[in-house]
Asker: 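Structure in structure tokens, see below.
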Amino acid sequence: MNPEDLQYWQTVLSIFQFSMGPSALALTLGMILSALTNRFQFIMTNLRRMAREVREESASDAILQTSRQLTMLRERVRILQASMLCIGVSILLLTLLIGILFIERLMLWKLYPLTIILFLGILGNMIIGVFLFLIDVRQAHKAVDIEIQATIKLVRQKIELENVS
């Protein structure tokens, strides 16, 4: 193999080695986006169920309880949408970064400021997206607390009714 061919294949190998880090980051971002999508789908299923319950329920206490939960779910939907947007932007920026890294290595250009800005943009959006995800997790815990309190209240009412009878 002549020296030019050897240098070409070393450059190609270097490009592939250099792209492994961004590829791992892409996999991570994809998994985060998948988890967020699953949470979003779960919330939407709950919203539909609660809306049906409100239409069918006649007791004002139950409607009030469901209304509180619907309000919380609406907020969770907004948080998850923002989180999904941040992770989606990270994926788009990462795709751009991979392309620029490839071109940079292939053409032997030095685009370091651009690659640094893109990388920081990816990390920034990822951090914000995960932070919003954690806020949603906290909201889910609050929703569980509301459900537990409502169930305890219902149990107490039933016990009082049994004691009166």
Side-chain angles (χ1 to χ4, degrees), residues 18-103 111 113-165:
F18 199 65
S19 68
M20 286 299 135
S23 298
L25 185 56
L27 179 64
T28 302
L29 289 169
M31 289 172 40
I32 292 171
L33 189 58
S34 176
L36 291 171
T37 303
N38 287 340
R39 288 182 75 82
F40 187 76
Q41 182 180 11
F42 177 76
I43 288 173
M44 293 308 297
T45 301
N46 280 341
L47 281 170
R48 289 183 186 105
R49 179 186 52 80
M50 287 180 191
R52 187 176 56 248
E53 287 174 5
V54 167
R55 285 190 298 270
E56 296 170 358
E57 185 64 49
S58 61
S60 61
D61 285 348
I63 291 175
L64 180 63
Q65 178 64 26
T66 303
S67 173
R68 288 178 63 201
Q69 290 177 348
L70 284 169
T71 302
M72 186 166 283
L73 284 178
R74 182 180 60 201
E75 183 62 27
R76 287 185 63 199
V77 164
R78 289 182 182 151
I79 291 168
L80 278 175
Q81 286 173 332
S83 181
M84 291 169 73
L85 179 66
C86 287
I87 298 300
V89 167
S90 287
I91 291 171
L92 290 174
L93 291 175
L94 179 60
T95 304
L96 186 60
L97 177 65
I98 290 171
I100 287 175
L101 289 173
F102 183 79
I103 290 170
L111 303 173
L114 183 58
T115 57
I116 290 170
I117 289 169
L118 284 173
F119 186 71
L120 292 176
I122 292 164
L123 289 181
N125 276 295
M126 186 173 143
I127 289 168
I128 293 168
V130 171
F131 180 74
L132 290 169
F133 169 74
L134 293 175
I135 290 173
D136 174 62
V137 169
R138 179 64 186 132
Q139 292 286 68
H141 290 200
K142 286 180 182 179
V144 168
D145 288 343
I146 289 171
E147 190 66 33
I148 289 171
Q149 290 171 4
T151 304
I152 290 171
K153 182 179 176 183
L154 185 61
V155 168
R156 286 181 182 153
Q157 288 173 350
K158 287 185 177 189
I159 290 172
E160 288 175 5
L161 286 174
E162 287 178 7
N163 289 339
V164 170
S165 300

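Throughout, numbering of the chain's residues begins at 1 and tracks the sequence. Please read all numbers here as calculations on a predicted model, not as lab measurements.
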Asker: How many angstroms lie between CD1 in I117 and CG in L97, if you round to the nearest 0.5 Å?
Answerer: 11.5 Å

Asker: If you define the side chain from C-beta out and look only at heavy atoms, does anything of M72 sit under 4.5 Å from E75?
Answerer: no

Asker: Which heavy-atom pair separates L73 from L47 by the least distance, and what is that distance?
Answerer: CB-CD2, 3.5 Å

Asker: To the nearest 0.5 Å, what is the distance between OG on S34 and CG on L29?
Answerer: 12.5 Å

Asker: What closest approach, in Å, do F133 and L36 show between heavy atoms, and which atom pair accounts for it?
Answerer: CD1-CD2, 3.4 Å

Asker: Are M31 and T28 close enough that some pair of their side-chain heavy atoms sits under 4.5 Å apart?
Answerer: no

Asker: What distance separates I128 CD1 from I87 CD1, expressed to the nearest 0.5 Å?
Answerer: 9.5 Å

Asker: Rounded to the nearest 0.5 Å, what separation is found between the CG atom of L94 and the CE atom of M126?
Answerer: 10.0 Å

Asker: Side chains of V77 and Q81: does their closest heavy-atom pair fall under 4.5 Å?
Answerer: yes

Asker: Would you compute the distance between atom CD1 of I135 and atom CZ of R78 and round it to the nearest 0.5 angstrom?
Answerer: 14.5 Å

Asker: Quick one: closest heavy-atom pair of D136 and R76, and the distance?
Answerer: OD1-NE, 2.6 Å

Asker: CE of M44: more than 12 outside heavy atoms within 6.0 angstrom?
Answerer: yes

Asker: Return the minimal non-hydrogen interatomic distance between G129 and S83, and the atom names on each side.
Answerer: O-OG, 2.6 Å

Asker: Roughly how far, to the nearest 0.5 Å, is the CG atom of N163 from the CZ atom of R156?
Answerer: 13.5 Å

Asker: Measuring only between side-chain heavy atoms, which start at C-beta, is F119 closer than 4.5 Å to L123?
Answerer: yes

Asker: Let me know which of L120, I91, V130, V89 forms a side chain to side chain contact (heavy atoms under 4.5 Å, CB included) with N125.
Answerer: V89

Asker: Do you know the tightest heavy-atom contact between L93 and G121?
Answerer: CD1-C, 3.8 Å

